[in-house]
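All remarks here apply to the structure that follows.
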Amino acid sequence: MEKLFRIFEITEELVESILSKSLEPHWHDFEELIIVTEGSLEHSIDFTVEEVTAPVVSYVSMGKTHKLIPRSNLRGWVINYKNEFIPDSGLHFYSNFFTNTTIQFRSSDSLSNILTLCRLMRTEYIKPTPEHKVIRHLVNALIAMVEAERDENLPCENTSRASQITTFNSFLQILEEHFRRDEGVSFYAGKMNMTERNLNLICKTNFQKSVSEIIETRRLIEAKHLLVNSEKTISEIGFELGYNEKSYFTRVFRNKTGFTPSAFREQTRALFS
């Protein structure tokens, strides 16, 4: 994408056009927000398939392999932007740890507000000389609303929600610094001056995954990135991510993805060749 930003509406004509073509997995050099206001679609990110049903927003970060198959009743909006256009997005931070960032809207009011922002963006975008400062403020407002929806969807009590979110985000920040090392739950709990049990409870509450599962997920997301975008050997990638034996790295990768690292590299590169 040459532009810093673009927005378009998912209409009946667009859905018919997509369905008439041969759909293949692909990746792109920009961030993408898919806002589903009606209907549904089948969405695959890094070969993990999910049925996405309105009203919902699905975030796909730059570089992730994805494929979507719209149902005929799909309607909504798609927003694309370069990372430098919105450099501090919290959605991009979360996508480092989870294959798919999908947030359900809780109420019609939330959806209505999102749609208002989309229409305002579109109005500015189609002007002969659009004002990017205005669009950037609107995108930031939309992302803030999406993040608020994500936080409100977390199944914890209002009195403890803010504290749990802060603690969880702190854990992810520490993990981002150390995930390449072969460190377990006790290491991260110690870094945060809390018990392993409490850290696990917060992770389970916020993202329905244990600390160990989140650590493993982050390492595997990085492994996929390196397999596709580098010429490092399987052993080198495994060692870089804390797997001291190639066989162990291969076993973990296959158990989590259904592919060996070599097969994943070959299949993904073949799709883009």
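Position 1 is the first residue of the sequence, and the numbers go up from there.
Hydrophobic clustering places F168 together with I215 (ILVMFWY residues linked when any side-chain heavy atoms are closer than 4.5 Å, directly or through intermediates).
Expressed to the nearest 0.5 Å, how far CG of N83 lies from CG of D29 amounts to 10.5 Å. Taken from CZ in R6 to CD1 in I79, the straight-line distance is 12.0 Å, to the nearest 0.5 Å. Rounding to the nearest 0.5 Å gives a distance of 12.0 Å between CD1 of I221 and NZ of K256.
In this view, N140 satisfies the side-chain hydrogen bond (donor to acceptor under 3.5 Å, both in side chains) rule with no residue, not counting sequence neighbours. Shown here are the side-chain hydrogen bond (donor to acceptor under 3.5 Å, both in side chains) partners of K232, two or more places apart in sequence or in another chain: E240. Every residue two or more places apart in sequence or in another chain that forms a salt bridge (charged side-chain N to carboxylate O under 4.0 Å, His left out) with R71 is listed here: E42, E51. Taking E222 as the reference, R180, R218 meet the side-chain hydrogen bond (donor to acceptor under 3.5 Å, both in side chains) condition, with sequence neighbours excluded. Applying the salt bridge (charged side-chain N to carboxylate O under 4.0 Å, His left out) criterion to E124, with sequence neighbours excluded, gives K127. Partners of E32 under the side chain to side chain contact (heavy atoms under 4.5 Å, CB included) rule, at least two apart in sequence or in another chain, are H28, F30, I34, V60, H66, V78, N80.
Using the six-membered ring where Trp is involved, Y243 and F249 have ring planes that are tilted, between 30° and 60° apart. Taking the six-membered ring where the residue is Trp, F5 and F85 present tilted rings, their angle falling between 30° and 60°.
Side-chain contact between L142 and I35 is present, with heavy atoms from C-beta onward closer than 4.5 Å. At least one side-chain heavy atom of I214 sits under 4.5 Å from a side-chain heavy atom of L172. Residues V252 and R219 form no side-chain contact, since every pair of their non-hydrogen atoms from C-beta on lies 4.5 Å or further apart. Considering only heavy atoms from C-beta on, R122 comes within 4.5 Å of W77 through its side chain.
Checking side-chain atoms of T37 against main-chain N and O of R75 turns up a donor-acceptor pair under 3.5 Å. A donor-acceptor contact shorter than 3.5 Å is absent between the side chain of S17 and the backbone of E13. The backbone N or O of K246 lies less than 3.5 Å from a partner atom in the side chain of T250, making a donor-acceptor pair.
V36 and G39 get closest at one heavy-atom pair: CG1-O, 3.7 Å. Closest non-hydrogen pair, P55 versus L111, comes out as CB-CD2, 3.8 Å.
In E236, the CD atom is crowded: over 12 heavy atoms of neighbouring residues, nucleotides or ligands sit closer than 6.0 Å.
With hydrogens and angles left out, the side-chain atoms of E31 and Y59 include a donor and acceptor closer than 3.5 Å.
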